[in-house]
K.L.:
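To start, I am sharing the structure in question, which I have written as structure tokens.
In the text below, chain A, chain B and the rest are named by the order of the sequence lines, each starting its count at 1.
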There are 2 protein chains.
Amino acid sequence: MKKIDILKKLRSSGLRPTKQRVEIAKFLFERDKTFHFTVESLNKLLMRKLSSKISLATIYNTVHSFKAAGHLSEVEVRGNKTYFDTNVLNHHHFYDSETSELIDIDAKDVVIQKIPKAPNGKKIKNVEVFINLKN
Amino acid sequence: MKKIDILKKLRSSGLRPTKQRVEIAKFLFERDKTFHFTVESLNKLLMRKLSSKISLATIYNTVHSFKAAGHLSEVEVRGNKTYFDTNVLNHHHFYDSETSELIDIDAKDVVIQKIPKAPNGKKIKNVEVFINLKN
DNA sequence: TTTCACTTTAGAACAATTATAAACTATAAG
DNA sequence: CTTATAGTTTATAATTGTTCTAAAGTGAAA
Ligand SMILES: [Mn+2]
Ligand SMILES: [Mn+2]
Ligand SMILES: [Zn+2]
Ligand SMILES: [Zn+2]
């Protein structure tokens, strides 16, 4: 993903392409593989990468804006930090609790044969499969 | 589950059956259906139920002790509170984000046909299926 | 009964996140 | 270009969930 696309991505979701948002978006979206992160880890990586500092509040704001715009998703991981995911397609995860590392699993690589029907009056929105790993 | 079993359960896991632990264990384990809770919700329910107050620190201590003893499990739910579960068997969940309610799914009611193999050097510990609901 | 390791407790400390409000800036209008 | 302004960033305070501390209390072994 090129910088011009970053600008388009921001503008098309009603987000002004500010210096900070562009830096964060470049960092998050100009990569080939999915990136899973917490705000804390993103902050550390950005501090290392960038000369100028982006305030922590801005990182929170931006990540939430990107999520609201559908450019990031949230992954549920044990512990009390929130994990985000640059893969916004429906997919699943391996989770290595030793390293706290998430690995994507393509939705097509998981086939579920049997699933209970949703409770009365409810529908199934989506199914998430979480595979815990050990050594 | 009767009180005598509660005492056995505590003693057999090396936990002295103190007044507080017995009250909490009775509240958690003397029921037919699985109970999903956060420490906050448990605290509120206990305050309502009991005449004497149990300190929040004790509720945290006790829940952690019960979890360590294998009497409770932890469920991953979006948000930054930790959810606990009186069902310690391998099972799955429906999650209704409208009401923040978890509903158990018996392991045998989910059959997975295809799953990717674990990454190099890792093994699969367990598979958790999380079914998000909508109205 | 006495003793003491284990437990409870109030409150402090800590960690993650959100709110506040003042300074700053992208951009649209003139 | 200027200017006006709504949107944005920032430092910092506030809030929330959880863990730590250390003093007082208690279950149970002897
Ligand atoms: Mn989490
Ligand atoms: Mn959680
Ligand atoms: Zn992912
Ligand atoms: Zn459950």
K.L.:
Which heavy atom of A:Ser65 sits nearest a heavy atom of A:Leu15, and at what distance?
P.N.:
CB-CD2, 3.9 Å
K.L.:
Can you tell me how far C1' of D:dT9 sits from CD of A:Glu23, to the nearest Å?
P.N.:
14 Å
K.L.:
Fit a plane to each ring of A:His91 and A:His93, take the angle between them on a 0 to 90° scale, and name the class: parallel (under 30°), tilted (30 to 60°) or perpendicular (over 60°).
P.N.:
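The rings of A:His91 and A:His93 stand perpendicular, inter-plane angle above 60°.
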K.L.:
For nucleotides 16-30 of chain D, read 5' to 3', which letter fits each nucleotide if B means a protein heavy atom sits under 4.0 Å from the base, S means only the sugar-phosphate is that close, and - means neither?
P.N.:
-SBBB------BS--
K.L.:
What are the 5'-most and 3'-most nucleotides of DNA chain C lying under 4.0 Å from any heavy atom of chain B?
P.N.:
C:dA5 to C:dT17
K.L.:
Ring centroids only, cut at 6.0 angstrom: are B:Phe29 and B:Phe66 within range, meaning strictly under it?
P.N.:
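Between B:Phe66 and B:Phe29, which both carry aromatic rings, the centre distance is below 6.0 Å.
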K.L.:
With sequence neighbours excluded, what pairs up with B:Ser97 under the side-chain hydrogen bond (donor to acceptor under 3.5 Å, both in side chains) test?
P.N.:
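Result, side-chain hydrogen bond (donor to acceptor under 3.5 Å, both in side chains) vs B:Ser97: none returned.
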K.L.:
For A:Lys19 and A:Ser52, run side-chain contact (heavy atoms from CB on, under 4.5 Å): C-alpha distance rounded to whole Å, both residues' side-chain angles, the deciding distance at 0.1 Å, then the answer.
P.N.:
CA-CA 10 Å; A:Lys19 185 169 163 291; A:Ser52 56; 3.2 Å; yes
K.L.:
Could you tell me how far apart A:Gln20 (CD) and D:dG7 (P) are, to the nearest whole angstrom?
P.N.:
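From A:Gln20 CD to D:dG7 P: 17 Å.
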K.L.:
Any link between B:Val63 and B:Leu50 through a network of hydrophobic side chains (Ile, Leu, Val, Met, Phe, Trp, Tyr) touching at under 4.5 Å?
P.N.:
yes
K.L.:
One thing to verify: whether A:Lys122 and B:Glu101 come together as a salt bridge, which I'm taking to mean a side-chain N less than 4.0 angstrom from a carboxylate O.
P.N.:
no
K.L.:
Going by the side chain to side chain contact (heavy atoms under 4.5 Å, CB included) test, name the single residue among B:Tyr95, B:Phe37, B:Tyr83 that passes it with B:Val75.
P.N.:
B:Tyr83
